[in-house]
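Because only heavy atoms are used, hydrogens play no part in the values below, and waters and symmetry mates are left out as well, while side chains stay in. The model shown is predicted, which means the values in this text are computed figures rather than measured ones.
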Amino acid sequence: MDLISKLEQLSPDKSLANKLGEIIFSKRIELGISQDELAKKANLKREVIHRIEAGSDISINEFEKTAKSLDINQKDILWAISTLL
């Protein structure tokens with residue numbers, strides 16, 4: 001699923017963090033990898049991946065590492081954020 005399609009499915013009532021978490025979750029599931037595998041690939045703890053997907057408070061650095069590990073480029077990340085605001 002591409003990023004545009006995913007954004008169109010997100011509820012407008014959810015917070016930005018929740019929406020970004022859903023994008024990460026969907027991409028991880030699409031790739032068929034576990035939170036543990038993604039955490040290793042992103043050099044983060046599994047708990048951080050869980051917080052990102054849950055829409056909890058996270059750092060930009062944590063989100064960027066996770067997105068890069070899922071082959072989501074910076075341009076797409078910034079476009080998604082601007083679209084979600």
Side-chain angles (χ1 to χ4, degrees):
M1 173 178 293
D2 68 355
L3 194 54
I4 294 171
S5 297
K6 181 58 187 165
L7 288 175
E8 290 172 349
Q9 296 175 7
L10 297 176
S11 169
D13 299 330
K14 293 189 177 188
S15 71
L16 177 60
N18 284 111
K19 292 174 184 178
L20 292 173
E22 284 188 36
I23 291 169
I24 295 297
F25 172 79
S26 294
K27 185 67 173 180
R28 179 177 64 77
I29 296 302
E30 178 184 315
L31 295 174
I33 61 175
S34 69
Q35 286 184 342
D36 287 323
E37 292 168 318
L38 178 55
K40 287 177 187 171
K41 191 173 179 183
N43 198 27
L44 297 168
K45 294 182 179 181
R46 189 204 57 80
E47 292 79 14
V48 172
I49 303 302
H50 174 75
R51 285 195 340 255
I52 291 170
E53 292 183 353
S56 299
D57 290 336
I58 57 163
S59 75
I60 294 295
N61 186 45
E62 292 168 336
F63 180 80
E64 184 178 24
K65 282 182 172 182
T66 304
K68 282 182 179 179
S69 295
L70 293 170
D71 295 323
I72 302 172
N73 67 47
Q74 285 184 347
K75 180 180 174 184
D76 288 341
I77 294 167
L78 293 173
W79 177 84
I81 290 171
S82 69
T83 301
L84 293 171
L85 294 176

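Rounding to the nearest 0.5 Å places CD of Glu62 at 12.0 Å from CD1 of Ile24. Separation of atoms CD1 (Ile60) and CG (Leu20) is listed at 8.0 Å; rounding is to 0.5 Å.
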Between side-chain atoms of residues 40-50 and protein atoms elsewhere (two or more places apart, or another chain), which donor-acceptor pairs fall under 3.5 Å?
| unit_1 | atom_1 | unit_2 | atom_2 | d |
| --- | --- | --- | --- | --- |
| Lys41 | NZ | Ser69 | O | 2.8 |
| Arg46 | NH1 | Gln35 | OE1 | 2.9 |

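Not a single salt bridge (Lys or Arg N to Asp or Glu O under 4.0 Å) links Glu37 to another residue, sequence neighbours left out.
Counted within 6.0 Å of CG on Asn61, heavy atoms from surrounding residues, nucleotides or ligands total more than 12; the atom is thus considered enclosed. More than 12 heavy atoms of other shown residues, nucleotides or ligands fall within 6.0 angstrom of atom CG in Leu78.
Salt bridge Lys19/Glu22: absent, no basic N to carboxylate O contact under 4.0 Å.
Transitive grouping of hydrophobic side chains (ILVMFWY, heavy atoms separated by less than 4.5 Å) keeps Ile77 and Phe25 in distinct clusters. The hydrophobic cluster containing Ile29 does not contain Leu38, counting ILVMFWY residues as joined when their side-chain heavy atoms lie under 4.5 angstrom apart, directly or transitively.
Looking at Asn18, its side chain does come within 3.5 Å of a backbone N or O of Ala54 through a donor-acceptor pair.
Ala17 and Gly55 make their closest contact through CB-O, 3.3 Å (heavy atoms, listed as atom of the first residue, atom of the second, distance).
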